[in-house]
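What you see is a predicted model; the values in this text were computed from it and never measured. Residue numbering restarts at 1 for every chain, and letters A, B, ... go by the order of the sequence lines. What's counted below: heavy atoms across the whole structure, side chains too, no hydrogens, waters or symmetry copies.
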There are 2 protein chains.
Amino acid sequence: MTDLAGRAGARRPVVSMTAMAQADADAVDLILEQWGRERPDLDCSPMGVIARVTQAQREVYLAQRETFARHGLDAAAFDVLAALRRAGRPYQLTPTALMRTALVTSGAITQRLDRLEEKGLISREPSEDDGRAVLVTLTELGGQALDAALPDHLETERRLLSGLSTDDQQLLAGLLRRLLITLGRTPAAP
Amino acid sequence: MTDLAGRAGARRPVVSMTAMAQADADAVDLILEQWGRERPDLDCSPMGVIARVTQAQREVYLAQRETFARHGLDAAAFDVLAALRRAGRPYQLTPTALMRTALVTSGAITQRLDRLEEKGLISREPSEDDGRAVLVTLTELGGQALDAALPDHLETERRLLSGLSTDDQQLLAGLLRRLLITLGRTPAAP
DNA sequence: GGCATTTACCTTAGCGGTGAGATACTTTGG
DNA sequence: CCAAAGTATCTCACCGCTAAGGTAAATGCC
């Protein structure tokens with residue numbers, strides 16, 4: 001486990017020259033160039049970040065989908081199974097907890113759980129402490145499915161990031177962390 | 001903006017966060033910590049970048065949706081109108097060109113154009129050069145809608161990025177550009 | 001020139017998510 | 001102790017996108 005405590009982005013890091021000054025342009029550069037021509041009165045520089053976040057996420061999404069499909073899963077299923085797995089024994093969470101980590105609505109979680117239950121990857125039982133609540137448990141099969149997919153998933157992520165040095169990856173992670181923190185909704189949203 | 005101080009969940013159920021000041025943790029740090037406890041054999045550091053890209057994109061998406069809604073638009077509509085606008089006079093593109101910049105399927109573009117045409121924001125006419133092709137043109141109304149939304153849109157993006165200095169924003173943009181470039185699909189995909 | 005291939009756009013079934021709201025249980029405050 | 005407010009989950013109509021496939025026009029190859 002690399003030292004995640006470093007907070008690379010928090011102090012002002014010396015700019016690694018490779019980060020800028022790469023002669024190559026990406027799709028967003030073209031968009032910015034178009035706006036610069038058509039609306040020179042506007043400062044569109046924020047798009048340079050935001051649009052790239054959007055495009056990067058799209059690539060991530062597509063790559064992950066392929067990976068999950070190899071294991072008979074999709075992103076929604078993996079999301080739930082991984083949340084249960086990393087919660088630790090007894091691999092049990094409520095739909096509400098899953099809703100918060102997955103950042104989807106309660107209706108979406110219900111449907112995800114329906115599908116996962118159908119496939120035998122999770123089970124549902126009423127909570128004994130709270131008559132309203134349900135306890136979702138990772139089944140043996142679900143744990144196996146997750147454990148099979150997880151290394152492949154990580155390998156995909158590593159491949160996606162392979163264009164950046166380890167230092168730059170940490171730098172990027174630090175910047176994004178600061179972005180997320182200022183966007184509110186930090187650990188567990190209301 | 002940094003409210004959420006008295007959260008119940010973060011205080012107790014955790015081990016000591018390595019050397020990190022607690023105030024600087026985001027949701028992804030918690031996830032990485034969980035994986036570190038449950039699967040110390042795996043190097044999950046790639047998630048520190050990928051998961052944050054995903055979460056950041058989600059925040060962006062939600063903020064943009066609010067902004068667009070104030071102007072009677074949604075992200076899909078804005079995407080198309082903006083592509084036409086920044087293409088310059090005569091504000092005309094084919095569905096295929098729009099498909100490429102929007103990164104959605106042709107079916108999605110058809111539907112988007114149906115909706116926009118219905119609202120009078122674009123018009124469609126058959127191309128004279130190519131009997132298969134269609135020319136999509138931004139109408140007067142469409143141009144007005146876009147021009148009204150664009151400054152607000154940029155203001156939203158600026159607000160989203162307000163936690164980072166201008167230098168850090170550029171640094172972030174540069175890192176993401178390199179990421180996108182190595183992910184292939186750079187300017188116009190085949 | 002004629003046939004196969006490619007390209008451009010549209011059509012449609014199906015899917016997963018949202019948003020609104022229903023239901024049942026729990027907590028709170030007089 | 002009870003009513004009101006809050007919480008947990010599920011239900012369902014609707015929506016936009018994808019994937020697969022259809023039609024028509026352009027292109028290429030001989």
Electrostatic pair [X]:[Y] at N-O distance under 4.0 angstrom:
| X | Y | value |
| --- | --- | --- |
| Arg37(B) | Glu33(B) | yes |
| Asp74(B) | Arg115(B) | no |
| Asp26(A) | Arg178(B) | no |

Counterpart residues, side chain to side chain contact (heavy atoms under 4.5 Å, CB included), relative to Ser162(B) (two or more places apart):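 Ser162(B) satisfies side chain to side chain contact (heavy atoms under 4.5 Å, CB included) with no other residue.
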Protein within reach of the bases, or only the backbone? For nucleotides 15-28 of chain D, mark each nucleotide 5' to 3' as B, S or -, using heavy atoms under 4.0 Å. -SBBS-----BS--
Roughly, in whole Å, what's the span from [atom1] in [X] to [atom2] in [N]?
| X | N | atom1 | atom2 | answer |
| --- | --- | --- | --- | --- |
| Glu66(B) | dT18(C) | CD | C1' | 15 Å |
| Met99(A) | dG19(C) | CE | C1' | 13 Å |
| Leu98(A) | dG16(C) | CG | P | 17 Å |

Do Gln57(B) and Gln55(A) get their side chains close enough for a donor-acceptor pair, meaning under 3.5 Å?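 No.
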Phe68(A) side, atom CZ; Leu81(A) side, atom CG - distance, nearest 0.5 Å: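 Going from CZ on Phe68(A) over to CG on Leu81(A), the span is 10.0 Å.
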Crowding at CD, Glu125(A) (>12 non-hydrogen neighbours, <6.0 Å):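 Yes, enclosed.
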Using a cut-off of less than 4.0 Å, is there contact between a side-chain N or O of Arg124(A) and OP1 or OP2 of dT9(D)?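 Looking at the OP1 and OP2 atoms of dT9(D), neither is under 4.0 Å from any side-chain N or O of Arg124(A).
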Stretch residues 78-96 of chain A: residues that reach within less than 4.0 Å of DNA chain D through a heavy atom: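 When residues 78-96 of chain A is checked for heavy atoms under 4.0 Å from DNA chain D, the hits, listed by number, are Thr94(A), Pro95(A), Thr96(A).
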So which of Arg89(A), Arg85(A), Arg86(A) actually passes side chain to side chain donor-acceptor pair (under 3.5 Å) with Glu38(B)?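 Exactly one candidate clears the test, Arg85(A).
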